Amino acid sequence: QVQLVESGGGLVQAGGSLRLSCAASGRTFSSAVMGWFRQAPGKEREFVASISWSAGTTYYAESAKGRFTISRDNAKNTVALQMNSLTPEDTAVYYCAADLSGRYYYTPRQFTSWGQGTQVTVSS
């Protein structure tokens, strides 16, 4: 099992930026996919962005394209999510997750390791 810890959440005004970070520890696999998901009050957990650990191939939800950037540092075992042009609709708890099989990029139920989440609040 891989342990994941998110950080970097906070309160920001609309139009502002935040950078989230996810630190991974324990057993890691070069074939893994790392993803960011979010859950807003009253809503289901939804996909935001993901990246393959080895090749760095990225995938984004439509709502994130052009505003968010996911990246990884394999040497440090970290994954980051740079969020720009934030709106109140981005307010949610953001979770880092891992699919160790490397087969899935979008579906929350297929990610087997999860962090505890970090709160992002965007004020209007």
Side-chain angles (χ1 to χ4, degrees):
Q1 190 77 20
V2 175
Q3 289 74 50
L4 305 173
V5 180
E6 305 95 333
S7 63
L11 176 64
V12 65
Q13 293 183 337
S17 300
L18 282 174
R19 185 177 180 87
L20 307 182
S21 182
C22 173
S25 62
R27 181 67 174 174
T28 58
F29 299 87
S30 61
S31 60
V33 171
M34 303 296 297
W36 286 97
F37 298 80
R38 68 187 184 187
Q39 188 165 21
K43 296 184 178 180
E44 296 293 322
R45 189 167 298 185
E46 66 176 353
F47 166 75
V48 177
S50 61
I51 185 169
S52 63
W53 193 252
S54 57
T57 305
T58 58
Y59 301 87
Y60 294 95
E62 191 65 31
S63 61
K65 290 181 179 178
R67 300 190 302 130
F68 296 0
T69 303
I70 188 171
S71 61
R72 95 287 197 214
D73 187 329
N74 294 45
K76 297 181 179 179
N77 275 1
T78 58
V79 179
L81 183 68
Q82 178 67 42
M83 304 187 293
N84 300 326
S85 301
L86 288 163
T87 74
E89 287 68 43
D90 295 314
T91 295
V93 176
Y94 283 70
Y95 297 90
C96 178
D99 164 37
L100 301 184
S101 76
R103 297 171 56 196
Y104 308 99
Y105 291 87
Y106 311 107
T107 310
R109 64 188 294 265
Q110 300 296 350
F111 283 70
T112 57
S113 299
W114 292 83
Q116 295 301 305
T118 184
Q119 177 70 48
V120 171
T121 303
V122 184
S123 65
S124 58

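Bear in mind that the values here come from a model prediction, so they are computed numbers and not experimental data.
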Got a donor-acceptor contact below 3.5 angstrom from the [X] side chain to the [Y] backbone?
| X | Y | answer |
| --- | --- | --- |
| D73 | N77 | no |
| R72 | W53 | yes |
| S52 | T57 | yes |

Any side-chain heavy atom of Y94 sitting closer than 4.5 Å to one from Q39?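 Counting from C-beta outward, Y94 and Q39 never come under 4.5 Å.
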
Side chains of T58 and F68 in contact at under 4.5 Å (non-hydrogen atoms): no

Taking distance alone, no hydrogens or angles, what donor-acceptor pairs closer than 3.5 Å link side-chain atoms of residues 104-111 to residues at least two apart or in another chain?
none

What residue pairs, at least two apart or across chains, pass salt bridge (charged side-chain N to carboxylate O under 4.0 Å, His left out) with a residue in residues 34-43?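 Found R38-E46, R38-D90.
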
Transitively linked via ILVMFWY side-chain contacts under 4.5 Å: [X] with [Y]?
| X | Y | value |
| --- | --- | --- |
| I51 | Y59 | no |
| V48 | L18 | yes |
| F47 | V33 | yes |
| W114 | L100 | no |

Inter-residue atom distance [X].[atom1] - [Y].[atom2], 0.5 Å rounding:
| X | Y | atom1 | atom2 | value |
| --- | --- | --- | --- | --- |
| W36 | S50 | CH2 | OG | 12.5 Å |
| Q82 | I70 | CD | CD1 | 12.0 Å |
| R19 | S71 | CZ | OG | 4.5 Å |
| L20 | C96 | CG | SG | 9.5 Å |
| T69 | Y60 | OG1 | OH | 4.5 Å |
| R45 | Y95 | CZ | OH | 4.5 Å |

Looking at every heavy atom in both [X] and [Y], which two are closest together, and how far apart are they?
| X | Y | value |
| --- | --- | --- |
| A23 | T78 | CA-CG2, 4.2 Å |
| L81 | A49 | CD1-CB, 4.2 Å |
| R67 | S85 | NH1-O, 3.0 Å |

Is it the case that the side chains of S17 and N84 hold a donor-acceptor pair, with the cut-off being a distance below 3.5 Å and no angle test?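 Result is yes, a qualifying pair exists.
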
Could you tabulate the donor-acceptor pairs under 3.5 Å formed by side-chain atoms of residues 117-124, not counting sequence neighbours?
{"unit_1": "T118", "atom_1": "OG1", "unit_2": "G9", "atom_2": "N", "d": "3.2"}
{"unit_1": "Q119", "atom_1": "NE2", "unit_2": "A92", "atom_2": "O", "d": "3.4"}
{"unit_1": "Q119", "atom_1": "NE2", "unit_2": "T121", "atom_2": "OG1", "d": "3.4"}

